[in-house]
Amino acid sequence: MPDKQLEYIKSVTDFEPEVALVLGSGLGALADEIDIEAVVDYRDIPDFPVSTAPSHKGRFVFGYIGDVKTVIMQGRVHLYEGYTANQIAQPIRLMRKMGAKILFLTNASGGINRNFSIGDFMIVEDHISSFVSSPLIGKNDDSIGVRFPDMSEVYSKRLNRIIAKTAKESGISVKKGVYIQLSGPAFETKAEIKMCSVLGADAVGMSTAIEAQAAKHCGFEVCAISCITNLACGIMDKPISGEEVTETANRVAPQFKTLIKKSIERFVNG
């Protein structure tokens, strides 16, 4: 079916992206602000997973960020929507087949590191995916990647250096750390957050690690930024809500958009 999915995309547009960008919860507005060449709804693609999460429009947006040809996932799919890890990986593999070589992942996450504040940005240096299914389980497609891929550097040091330099020059404060993916949709308990902290996680969320693993397997150069939209359970003594996540993401969106756009231009143009 992946070949049919690519055939459908090509029937709509011959746009060949250099960079793929995944926009997380509350961050989708960026896709509406680029120089758009084409839009493809997920629901129109054969046997393709469709976003059901709030604020996720569920479509590919093709266009230019500066002069960089980019495909944007305006909304992703998650385990908590009932999708498998392999289904979550489908859009990543499809964007690789479109021609994209760099994958930029973004997400909204809960801060575990007590030095983090709501609204901070964290460059992901590594992840923990041990508590969610691997997208690589099952028969391996050797045309995509090797059976046992190395994961010692999932997140590109080159891209992370560019993001950090861009942030500094733009007056945007960024942290660095380890991201852990749990399945959701419930926010974590205090005991679970304590466990995550002991394991070395700085931020927690319900996406990204599965996508990054699939991306590394199929040959992408990968980077990711987490927007700390709330402090995780037990870090701040108050209930967490989805509305809080969206509210924070909207508040910091202007800085976030600036950082993403400038970084992507430098990924390709130096």
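Values below: every heavy atom of this structure, side chains too, minus hydrogens, waters and symmetry copies.
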Shortest non-hydrogen contact from [X] to [Y]?
X    : Y    : answer
V124 : S226 : CG2-OG, 3.9 Å
D47  : Q90  : O-OE1, 3.5 Å
F60  : P91  : CZ-CB, 4.3 Å
I36  : A31  : CD1-O, 3.6 Å
M151 : Q213 : CE-O, 3.5 Å
Q87  : P49  : O-CG, 3.5 Å

Any donor-acceptor pair under 3.5 Å from [X] side chain to [Y] backbone:
X    : Y    : answer
T106 : V22  : yes
Q255 : I172 : no
E265 : I65  : no
T13  : I9   : no
S51  : R76  : yes
N113 : N115 : yes
R96  : C218 : yes
T166 : L259 : no
T70  : V68  : yes
E125 : V178 : no

Under the side-chain contact (heavy atoms from CB on, under 4.5 Å) rule, what do D3 and K97 come out as? Steps first, then yes or no, please. CA-CA 9 Å; D3 288 340; K97 288 186 175 183; 3.8 Å; yes
Rounded distance (nearest 0.5 Å) linking atom [atom1] of [X] with atom [atom2] of [Y]:
X    : Y    : atom1 : atom2 : result
Y179 : I112 : OH    : CD1   : 10.0 Å
I225 : I163 : CD1   : CD1   : 4.5 Å
I264 : L30  : CD1   : CG    : 7.0 Å
K261 : E33  : NZ    : CD    : 5.0 Å
H78  : S207 : NE2   : OG    : 5.0 Å
C223 : I162 : SG    : CD1   : 8.5 Å

Evaluate the ring planes of F267 and F104, with Trp represented by its six-membered ring, and classify them as parallel (under 30°), tilted (30 to 60°) or perpendicular (over 60°).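 F267 vs F104 ring planes: tilted.
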For the residue pair F121 and F256, does the interplanar ring angle fall in the parallel (under 30°), tilted (30 to 60°) or perpendicular (over 60°) class?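 Answer is tilted, since the angle falls between 30° and 60°.
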Any side-chain heavy atom of [X] within less than 4.5 Å of one from [Y]?
X    : Y    : answer
V50  : V77  : no
N86  : R93  : yes
D14  : E16  : no
K262 : E169 : no
V268 : K101 : no
I34  : F62  : no
F131 : M195 : yes

Stepwise, does the side-chain contact (heavy atoms from CB on, under 4.5 Å) test hold for E211 with I88? CA-CA 7 Å; E211 296 160 334; I88 290 167; 3.9 Å; yes
Whether [Y] and [X] form a salt bridge (side-chain N of Lys/Arg under 4.0 Å from carboxylate O of Asp/Glu) is what I want to check.
X    : Y    : result
D120 : R114 : no
D32  : K57  : yes
D202 : K176 : no

Crowding at CD, E247 (>12 non-hydrogen neighbours, <6.0 Å):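 Counting neighbours around CD of E247, 12 or fewer heavy atoms of other residues, nucleotides or ligands fall under 6.0 Å, so no.
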Has K257 got more than 12 heavy atoms of other residues, nucleotides or ligands less than 6.0 Å from its NZ?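 Yes, NZ of K257 has more than 12 neighbouring heavy atoms, counting only those of other groups under 6.0 Å.
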Evaluate T208 against N107 for side chain to side chain donor-acceptor pair (under 3.5 Å), listing each step before the verdict. CA-CA 7 Å; T208 302; N107 62 56; 2.8 Å; yes
With side-chain contact (heavy atoms from CB on, under 4.5 Å) as the test, pick out the partner of V61 among E37, Q74, M73.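 So the option named by the test is Q74.
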Kindly indicate, with the supporting measurements, whether the criterion side-chain contact (heavy atoms from CB on, under 4.5 Å) is fulfilled by V204 and S109. CA-CA 5 Å; V204 60; S109 65; 6.0 Å; no
Shared hydrophobic cluster for I144 and I210 (ILVMFWY, side-chain gaps under 4.5 Å):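 No; I210 is not reachable from I144 via cluster members.
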Checking H217 against I92 for the side-chain contact (heavy atoms from CB on, under 4.5 Å) test, could you report, in this order, the C-alpha distance in whole Å, the side-chain angles of both residues, the deciding distance, and whether it holds? CA-CA 10 Å; H217 176 246; I92 305 302; over 6 Å; no
Between F48 and Y8, is the ring centre distance below 6.0 Å? no
Does a side chain donor of either D150 or S152 reach within less than 3.5 Å of an acceptor in the other side chain? yes
